[in-house]
Amino acid sequence: MSYLDDLFSLDGKVAVAIGAGGVLAGAMAESLGAAGARVAVLDLNGDAADQRAAVIRKSSGVEALSMAVDATSEEELRKALAQVLSVWGRVDILLNAPGINSGTPFFEITEAEWDRILSVNLKSMFLASQIFGQEMVDRGEGGSVINISSASSGPPLSKVFTYSVTKAGVNNLTQFLAREWAPHGVRVNAIAPGFFPAEQNRKLLTEERTAAIMAHTPMDRFGEAEELAGATVLLASERASGFVTGAIVRVDGGFTAMTI
């Protein structure tokens, strides 16, 4: 095995990827499989989860499970953990990536919309961290939790008020748990993507908004889903990032480094 293979290998590890039926989290889950991890793909859309697991099995030759799971349901997440443990006996990596968005103007946001976005984007991460994180802590062999934040976590982007609030919460949750679980060897970090066009944000990318984004992105382009793979595998690997916890890793083409 070469030095790089050894540094980033996830052979023998088990990863749970929540929300991986989607484009970005799906590419991240595929990267975990490519590095050797067995992957359980959890998504509200069972068909999307099935398709992603099939891609992982075919492209990486690793075992992959798929489950239709509502990540806002404690009961469903606990059932998913039980299934993963019954098949593989452990959880080493949690990719926490469910998410929805809305461009509703502030004065038009309903209580129902507010509650729904907070539930999917933040409550789900809290529940998954409790359920899968406790398994890692109790097992006593370390682990890695990777939460999905956003360039909108602070300072917040315009037009996505509730989404921005949830992603600020993700950063806070990440740093809190990193502190609490460090003595147990469980690392908790977040990846904050910049602009990666996907179904949940494509409707917000008007010509005017796209021009504003490009003016504020030094690399002058959108990101590609595959460009999240490096940060994902880095944070998942104990060998490569064993002293990294509480970090918010920005993959945004320089967006958050830009002022004027």
Side-chain angles (χ1 to χ4, degrees), residues 16-26 28 41-46 48-49 67-81 94-134 145-181 188-205 209 228 246-250 252 256:
V16 173
I18 303 177
V23 174
L24 300 189
M28 297 166 82
V41 178
L42 280 56
D43 200 276
L44 184 63
N45 184 330
M67 295 176 235
V69 174
D70 180 352
T72 69
S73 166
E74 178 181 359
E75 179 182 5
E76 292 194 23
L77 288 172
R78 289 197 182 280
K79 286 181 179 178
L81 171 62
L94 172 64
L95 175 62
N96 236 344
I100 57 174
N101 200 351
S102 172
T104 305
F106 178 77
F107 286 120
E108 298 175 22
I109 297 171
T110 64
E111 183 177 0
E113 180 179 303
W114 167 268
D115 288 346
R116 178 62 179 159
I117 295 175
L118 259 71
S119 183
V120 173
N121 292 10
L122 192 54
K123 176 187 174 183
S124 63
M125 291 202 183
F126 154 70
L127 289 173
S129 296
Q130 271 197 331
I131 293 164
F132 294 95
Q134 185 168 27
V145 177
I146 304 170
N147 296 326
I148 302 306
S149 179
S150 168
S152 192
S153 60
L157 300 173
S158 63
K159 301 184 184 297
V160 286
F161 179 82
T162 313
Y163 176 84
S164 298
V165 169
T166 66
K167 293 305 181 179
V170 169
N171 287 3
N172 190 279
L173 177 69
T174 297
Q175 293 174 325
F176 187 99
L177 294 180
R179 180 188 67 206
E180 296 295 303
W181 294 350
V188 187
N189 297 287
I191 294 175
F195 287 87
F196 290 74
E199 290 309 311
Q200 70 165 320
N201 63 11
R202 196 174 298 277
K203 61 181 176 295
L204 298 172
L205 294 175
R209 190 166 177 80
L228 294 168
I248 313 298
V249 179
R250 302 189 183 279
D252 63 5
T256 47

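Predicted model only: the values in this text are computed from it and were never measured. We use all heavy atoms of the structure for the numbers below, so side chains are in, but hydrogens, waters and symmetry mates are not.
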Can you give me the closest heavy-atom contact between [X] and [Y], atom names plus distance?
X    : Y    : result
N121 : G99  : OD1-CA, 3.1 Å
S152 : V160 : OG-CG2, 3.8 Å
A68  : E76  : O-OE1, 4.2 Å
Y163 : S149 : OH-O, 4.5 Å
A20  : D43  : N-OD2, 3.7 Å
A247 : N189 : N-OD1, 2.9 Å

(message) So if I apply the side-chain contact (heavy atoms from CB on, under 4.5 Å) rule between I191 and each of I146, T174, I248, which one comes out positive?
(response) I146
(request) Give me the one residue out of N96, V145, I18 that meets side-chain contact (heavy atoms from CB on, under 4.5 Å) with F132. (result)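 Looking at N96, V145, I18, the match for F132 under the side-chain contact (heavy atoms from CB on, under 4.5 Å) is I18.
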Out of curiosity, [X] [atom1] to [Y] [atom2], how far, rounded to the nearest 0.5 Å?
X    : Y    : atom1 : atom2 : value
D70  : S119 : CG    : OG    : 7.5 Å
S102 : W114 : OG    : CH2   : 12.0 Å
M125 : N147 : CE    : CG    : 5.0 Å
Q130 : L177 : CD    : CG    : 9.5 Å
L118 : T72  : CG    : OG1   : 12.0 Å

(request) Apply side chain to side chain donor-acceptor pair (under 3.5 Å) to S158 and list each qualifying residue two or more places apart in sequence or on a separate chain. (result) R209
(message) Are more than 12 heavy atoms, taken from residues, nucleotides or ligands other than E180, located less than 6.0 Å from that residue's CD atom?
(response)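 Atom CD in E180 is crowded, with more than 12 foreign heavy atoms closer than 6.0 Å.
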Less than 4.5 Å apart, side chain to side chain, heavy atoms only: is that true for [X] and [Y]?
X    : Y    : answer
R250 : S153 : yes
N101 : I117 : no
S129 : F176 : no

(message) Between K167 and G154 (side chain of the first, backbone of the second, donor and acceptor by atom type, cut-off under 3.5 Å), is there such a pair?
(response) no
(request) With sequence neighbours excluded, tell me which residues meet side-chain contact (heavy atoms from CB on, under 4.5 Å) with E74. (result) R78, L127, I131
(request) Run the numbers on T162 and E113 for side chain to side chain donor-acceptor pair (under 3.5 Å), then give the verdict. (result) CA-CA 9 Å; T162 313; E113 180 179 303; 4.8 Å; no
